[in-house]
S.K.: 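Sharing a structure below in structure tokens format, with a few things to ask.
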Amino acid sequence: MDDEKRYSDIKRKCFDRVFSRLNDRQKQAVYAVNGPLLVLAGAGSGKTTVLVDRVYNVLNFGLLSESDRADVPFAAAAEKLEAALQNGDAAVKDALRSLAVRPASPDEVLCITFTNKAADEFKSRLGNMLGERADGIWAGTFHSICVRILRRSIHKIGFSNSFTIYDADDTRKTIKQVLKDLHIDEKYLPDKLCAAAVSRYKEQQILPEEAKLSAREGRDEQIAEVYAEYQARLKAASALDFDDLILNTLTLFEESPETLEYYAKQFRYIFVDEFQDTNPSQNALVLALGKVWRNVCVVGDDDQSIYSFRGAVVENILSFDTAYPDARTVKLEQNYRSTGVILDAANAVISHNKGRKGKTLWTGGERGGKIEVRCLYTQTEEADFIRSQIEELHSGGEKYKDIAVLYRANALSRPIETALVKARIPYRVFGGIKYYERKEIKDIIAYLSLICNRADDLRLRRVINVPRRAIGDTTIEKIADIAANENTSMFSVIATAARRPELARSCTKLESFYTVIEELADFSASHTVAETIANAIEATGYADMLKEEMDSDREQNLRDFVSAGALYDEGAEEPNLEGFLAEISLVSDTDSYDSQEDAVSLMTVHSAKGLEFGSVFIPGFEQGIFPSQMSLDEGGVEEERRLAYVAVTRAKRRLYISYTQSRMLYGMFRPSSVSEFLDEIPPELKNFAQKTYYRRNEFADTPSERPVRHHDFYDDSHRAVEDFVKIKQPEPKPAPKAVFAPGDRVEHAIFGKGTVEEYEQMGGDALVTVSFDNGQTKKLMLSFAKLKKIQI
DNA sequence: TATCGTAGTGTTTTT
DNA sequence: CACTACGATA
């Protein structure tokens, strides 16, 4: 008995040594490896560190955290550890490892994060501690994990394993079609509302039949009908929308218990981050996967639940101990991010919410300066205020990349962009139009999806006549009718067009489309993803079409798309076209957030979740904006308050809140009033100045000085880029990561070695033309292509 | 069948 | 204001 006690004490010491960077609460969470655990982690409480360390613990020390599991006699084990303690950290780790009963192997660990970026970051932090072993763990979003499972097994419930993923736009279009075919007036039942309702059902794991049964009022019945028909069409096309990825995984588990068994056995340890933003279906998935081992650790903060509009429910957190009565709870309340003033403000605001689990952040750090509050006349002045403060911060030594402007809605970014462009401050906007949502990219994606899945009528419709093949609406509808009658896909109708008298007139055109697709498919079977994309752009005639239209921006976009494919080929374990398509359909805005790039970040508060910045600006702190009008009308102010809480707690040192007296909305000026949330911050924390002491920018708005958005592979229209460059001329942009001159020898990860032919500045980026030794000449965006200079 | 023009419509937030 | 969708015309 004494030996056991001695061993357990010394083991504790060893653990404390290994995890010395943690505070007591954090240690609790890291050590409690077995059984269900709920971590209530406040903003900035170091929960990612806890998560990483916990996984590290599981992979190295295994069940050792249970004192009665050691294989070795207690006395011997204790001695071993004691000796190790004398010999430094590495020795302690080795000793603990040698005593581990059965540490988890990487593929037994499942980590579900909110974004793919978070998953990557998580893996790389783990990689620093574990090396390559970290690559083996399952880390990703709910959606990407489900895709991984479904790609392997969805055939068991009647879908093709090469299913297509529909994005919000595809979904909307399909719903529209359904409404039309069911003769439901869009005025009576708007497609948007319908799509939202369907999504709501799926988030709650309600299938069409059940929706029909529960429908009370007439409109609900029709929605249920649309839902059923929509699902039928998805199935016919072997397509899944975002919600289906979760829902069909659940269905798969229900209909094929052995599949669930397989995964539930595999995942000995499950971690879910941002648990407050999960919906009931996702919760069900976690519980299902955790049923064998019950080592489920969820991390969340009820105060940061900001996605209920997407079906997320805080109840998942609150009912975690109902699902697991033996669950332990650890609260992390010590904040390592923000100053005392900022935390006090955040606590003050959130305390106005009812029904919280109750949690108060505190810090041992410094108090910090007061929150700067400003009231401006117009949004232009507000933008100017932000601009002037950023300049001041920057000359005071703050890096641009440590500054963020966080707004309630994307529309608020415009005036700020304009001001920053004028002042030549580098910035980056997240959100708005995504790269993969651009027309030309979506068109090529449509061709690629058809290669994998011919049954996808929606994508077929998109490109059957792009570029022009003289196949018009009448022909397309004729094909659709035949397909509907014969219960088959439009593509198979086209394949047999020659035998159909009603299609005789367009037969040759259809045949040529058919051949295009089949040849693309043949090509893809024996080539890389990048080559397949390049081939698709050429062989479909898309490249010629753009050349004819002299649309060089789109041409460049497509070239970058090829590069994206090349990057995927290089990075993926088993690169294939389906994998590539799945990956790009699940990317989020902040996935492209690059903390290296020295630029001010502009994004919505939602996108800023999980990020932190030295200085934060929150413009538009007005009734009707933040909180939003919608929330005021429908009693959703508490969620807005949580959103405000999230916004405030992004700031480490400095916080600026501003509002205007008159704001442009719908192209009209409307008087505005200050947000009710501002009053909830105690006056002694605020430094309020009504008058504007900075100098107004002398130049008024001129149409040519439109803001330019920087996207990963893309600069807006050609014209805008020129304007941007012109404005920037006198004082060149943030230093590019590398500068090349014609004649330089460079190396590219995929294309190999080559010589720089041309180097052209484009905004904050540059276009480099390289003639590679393998004979190819490529135009590459500097920020995207990882070019290395080689010495001669 | 394709293109151009206009009228109507709509703004939270997003995997 | 900005975007989309649809209809009229060539």
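Letters A, B, ... are given to chains in the order of the sequence lines, protein chains preceding strands, and every chain is numbered from 1. Side chains are part of it too, since the values below use all heavy atoms of this structure and drop only hydrogens, waters and symmetry mates. Values in this document were obtained by computation on a predicted structure and should not be read as measured data.
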S.K.: Please report the distance, rounded to the nearest Å, between NE2 in H143(A) and C1' in dT14(B).
M.R.: 9 Å
S.K.: Which of these nucleotides, dT11(B), dT14(B), dA2(B), is closest to any side-chain atom of R468(A)?
M.R.: dA2(B)
S.K.: Kindly say if R663(A) contacts the phosphate of dC1(C), meaning a side-chain N or O under 4.0 Å from OP1 or OP2.
M.R.: no
S.K.: Is the distance between the ring centroids of Y645(A) and H352(A) less than 6.0 Å?
M.R.: no
S.K.: Taking CD1 from I625(A) and P from dT13(B), how many angstroms apart are they, rounded to a whole number?
M.R.: 12 Å
S.K.: Has F309(A) got its ring stacked on the base of dT13(B), with centres under 5.5 Å and planes less than 30° apart?
M.R.: yes
S.K.: Counting only side-chain heavy atoms from C-beta out, which of dA5(C), dT13(B), dA2(B) sits nearest to K176(A)?
M.R.: dA5(C)
S.K.: Using a cut-off of less than 4.0 Å, is there contact between a side-chain N or O of S144(A) and OP1 or OP2 of dT15(B)?
M.R.: no
S.K.: Heavy-atom nearest nucleotide on DNA chain B for R469(A) versus S631(A): which residue maps closer to 5'?
M.R.: R469(A)
S.K.: So, does T604(A) get its side chain near the phosphate of dT14(B), meaning an N or O under 4.0 Å from OP1 or OP2?
M.R.: yes
S.K.: Reckon T474(A) has a side-chain N or O less than 4.0 Å from the OP1 or OP2 of dT1(B)?
M.R.: yes
S.K.: Are Y307(A) and F114(A) an aromatic pair, judged by ring center distance below 6.0 Å?
M.R.: yes
S.K.: Under 4.0 Å, counting only non-hydrogen atoms across every strand here, what does S199(A) touch: a base, just sugar-phosphate, or nothing?
M.R.: nothing
S.K.: Just the rounded figure in Å: distance from P of dT13(B) to OH of Y407(A).
M.R.: 10 Å
S.K.: Find the distance E203(A):CD to dT14(B):C1' and express it as a whole number of Å.
M.R.: 11 Å
S.K.: Using atom P in both nucleotides, what's the gap between dT13(B) and dT4(C) to the nearest angstrom?
M.R.: 15 Å
S.K.: Does NZ or CZ of R151(A) come closer than 6.0 Å to the centre of the six-membered ring of F163(A), within 45° of the ring's axis?
M.R.: yes
S.K.: Which whole-number value in Å describes the distance from K609(A) NZ to dT15(B) C1'?
M.R.: 11 Å
S.K.: Give F626(A) one of three labels, base, sugar-phosphate or nothing, depending on what nucleic acid heavy atoms sit under 4.0 Å from its own.
M.R.: nothing
S.K.: How is K509(A) classified with respect to the nucleic acid when contacts are heavy atoms under 4.0 Å: base, sugar-phosphate, or nothing?
M.R.: nothing
S.K.: Any side-chain donor-acceptor pair under 3.5 Å between D241(A) and Y230(A)?
M.R.: yes
S.K.: H606(A) vs F309(A) aromatic rings, parallel, tilted or perpendicular, using cut-offs 30° and 60°?
M.R.: perpendicular
S.K.: Sticking with atom C1', work out how far dC6(C) lies from dT11(B), rounded to a whole angstrom.
M.R.: 22 Å
S.K.: Taking atom types as modelled, find out whether S162(A) and E578(A) have a side-chain donor-acceptor pair closer than 3.5 angstrom.
M.R.: yes
S.K.: In whole angstrom, what separates K202(A)'s NZ from dT14(B)'s C1'?
M.R.: 16 Å
S.K.: Can you check whether R670(A) has a side-chain N or O nearer than 4.0 Å to OP1 or OP2 of dC1(C)?
M.R.: no
S.K.: To the side chain of K192(A), which of dT1(B), dT14(B), dT11(B) is closest?
M.R.: dT11(B)
S.K.: Measure CG/N410(A) against C1'/dC3(C) and give the value in whole Å, please.
M.R.: 15 Å
S.K.: As a test of reading the structure: which of dT1(B), dT13(B), dT15(B) is closest to the side chain of H606(A), going by heavy atoms?
M.R.: dT13(B)
S.K.: Students often get this wrong, so: under 4.0 angstrom with heavy atoms, is D243(A) touching a base, only sugar-phosphate, or nothing?
M.R.: nothing
S.K.: Closest to the A411(A) side chain: dT12(B), dT11(B), dT15(B)?
M.R.: dT11(B)
S.K.: When the distance from CZ of R310(A) to C1' of dT15(B) is rounded to whole Å, what number comes out?
M.R.: 4 Å
